[in-house]
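Bear in mind that the values here come from a model prediction, so they are computed numbers and not experimental data. Both backbone and side-chain heavy atoms feed into the values below; hydrogens, waters and symmetry mates do not.
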Amino acid sequence: MASATTTAPTGNGAAMRKAGEWARRAPLLPALIFVIAMTQLPFLATIVISFMNWNAYYPDERGFTGFDNYVAVFTDTNARSAVMVTIVLTVSVVLISLALGLGIALLLDRKFRGRSAVRTMMITPFLIVPVAAALLWKHALYNPEYGLLNGMLTWVFGEDAPQPDWISNNPLLAIIVAIVWQWTPFMMLILLAGLQSRPLDVVEAARIDGASTWQIFTNMTLPHLRQYIELAGLLGAIYVVQNFDHVFTITSGGLGTANLPYFIYQTFYTAQDYGRASAAGVVVVVGTIAIATAALRTAFSLFREETR
């Protein structure tokens with residue numbers, strides 16, 4: 001009898017606890033259903049279409065084709081070129097942005113008059129809409145007739161100064177520079193946050209013991225910033241690998257600058273090949289998920305270190 005009387009309240013308590021948990025979660029169900037309907041269902045539809053031979057120009061030939069679209073994505077010359085351009089673009093932008101962001105973060109970590117205003121101005125490029133930033137570089141800076149770069153050459157070297165067509169001569173480099181300009185503030189913000197979380201008492205102790213600025217940077221600052229650098233690089237790679245605005249706006253995918261997102265755009269809207277475009281989209285999503293997983297692991301490791 002005693003055991004029966006003691007178990008009953010325990011069972012009731014567990015049931016009430018579960019009911020309370022469901023009561024707290026119930027208001028979130030509509031939002032969860034909406035997110036699933038707007039994100040996961042279209043992605044599942046994309047996966048299904050990626051296994052189909054579906055071209056709007058040949059509506060009578062629609063049917064299941066297996067992995068042929070994926071094989072075509074990895075064997076097609078244009079697709080391989082788009083993959084290489086995507087890798088070069090992503091790696092170049094991330095590495096250059098990280099190096100510049102680290103240098104600017106080190107400068108902004110020092111105390112000087114107007115530091116808050118300078119930090120705000122340094123963040124500004126990241127806040128500009130990507131299409132507007134691409135248009136700014138294409139017309140205000142790169143234009144061979146009235147662009148700022150050629151205007152500066154004329155101002156420095158006179159009327160006989162060379163007036164290169166920056167986009168035609170170096171198309172991929174022109175896109176890289178424009179994206180680096182926009183993403184360097186993002187890298188700088190993350191690395192600046194890492195710099196400000198350093199144990200300054202340890203740095204001061206090392207300086208008192210005779211360590212030089214370079215020794216403090218290489219032996220203390222860089223090891224402390226390692227995970228912040230990894231996080232900034234991974235997050236930057238997630239977004240740069242999907243970049244479409246700059247490629248479309250500056251070169252329209254011409255001159256060998258078409259990356260995977262632009263290849264998907266061409267395959268879908270120009271070639272009307274929905275199956276192959278869906279297969280390429282799935283490949284991009286899988287690659288992005290892999291990078292995002294690594295980024296989340298790095299972020300969680302940072303949070304674990306902060307709570308120690």
Side-chain angles (χ1 to χ4, degrees), residues 86-143 147-149 152 166-167 170-198 217 221-251 257 259 261 288 291-292 294-296 298-299 301-303 306:
T86 303
I87 293 173
V88 171
L89 192 66
T90 304
V91 173
S92 302
V93 169
V94 170
L95 291 181
I96 297 173
S97 299
L98 276 174
L100 293 176
L102 178 59
I104 297 171
L106 290 170
L107 292 175
L108 295 182
D109 191 47
R110 301 172 179 236
K111 292 183 179 180
F112 57 89
R113 184 176 298 177
R115 183 172 64 170
S116 300
V118 173
R119 285 181 178 178
T120 304
M121 288 187 290
M122 291 302 301
I123 299 170
T124 303
F126 184 65
L127 304 178
I128 299 176
V129 178
V131 174
L135 287 172
L136 175 69
W137 278 88
K138 181 178 182 179
H139 295 291
L141 282 88
Y142 288 146
N143 191 283
L148 180 62
L149 295 180
M152 291 178 62
W166 300 93
I167 296 176
N170 302 283
L172 190 58
L173 181 61
I175 295 174
I176 289 173
V177 170
I179 302 176
V180 164
W181 174 79
Q182 190 158 31
W183 278 95
T184 297
F186 175 79
M187 306 296 186
M188 179 266 296
L189 279 176
I190 295 180
L191 298 179
L192 185 58
L195 284 173
Q196 294 184 339
S197 67
R198 286 180 304 170
F217 175 72
T221 303
L222 272 184
H224 174 76
L225 288 178
R226 181 182 64 83
Q227 289 181 314
Y228 291 90
I229 293 173
E230 291 177 0
L231 179 62
L234 289 169
L235 290 177
I238 289 173
Y239 289 100
V240 176
V241 78
Q242 303 177 58
N243 185 277
F244 174 80
D245 308 80
H246 289 78
V247 175
F248 179 79
T249 305
I250 295 178
T251 62
T257 60
N259 58 351
T288 306
I291 299 173
L296 288 174
T298 305
S301 64
L302 280 175
F303 294 146
E306 292 292 334

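The nearest pair of heavy atoms linking Ile250 to Lys138 is O-CE, 3.8 Å. Minimum heavy-atom separation, Thr86 to Asn259: OG1-CB, 3.3 Å. Across Ile104 and Met122, no two heavy atoms sit closer than the pair CD1-CE, 3.5 Å. In terms of heavy-atom proximity, Ile176 sits nearest to Ser92 at CD1-CB, 3.8 Å. Closest of all the heavy-atom pairs between Ala237 and Val94 is N-CG2, 3.8 Å. Here the closest heavy-atom approach between residue Ala133 and residue His246 is recorded as CB-NE2, 4.4 Å.
Sequence neighbours left out, the pairs with a member in residues 99-130 that pass ring-ring contact (aromatic ring centres under 6.0 Å, His included) are Phe126-Trp183, Phe126-Phe186. Residue pairs meeting the side-chain hydrogen bond (donor to acceptor under 3.5 Å, both in side chains) criterion with at least one partner in residues 107-121, sequence neighbours excluded, are Asp109-Arg198.
No donor-acceptor pair closer than 3.5 Å links the side chain of Gln182 to the backbone N or O of Ala178.
Between Trp137 and Tyr142, the ring planes are tilted. Angles from 30° to 60° get that label.
For Leu100, the side chain to side chain contact (heavy atoms under 4.5 Å, CB included) partners are Ile96, Val180, Thr184, not counting sequence neighbours.
Rounded to the nearest 0.5 Å, atoms CG (Leu173) and OG1 (Thr257) are 12.0 Å apart. Going from atom CG of Leu172 over to atom CD1 of Ile167 covers 12.5 Å, rounded to the nearest 0.5 Å. Atom CD1 of Ile190 and atom CE of Met188 lie 11.0 Å apart (nearest 0.5 Å). For the atom pair Ile175 CD1 and Leu89 CG, the distance stands at 6.5 Å (nearest 0.5 Å). Taking CG of Leu98 as the reference point, atom CG of Leu191 lies at 6.5 Å (rounded to 0.5 Å). The distance from the CG atom of Leu108 to the CG atom of Leu195 is 10.0 Å, given to the nearest 0.5 Å.
Contact annotation: the side chain of Gln227 never approaches that of Leu231 to less than 4.5 Å [non-hydrogen atoms, C-beta and beyond].
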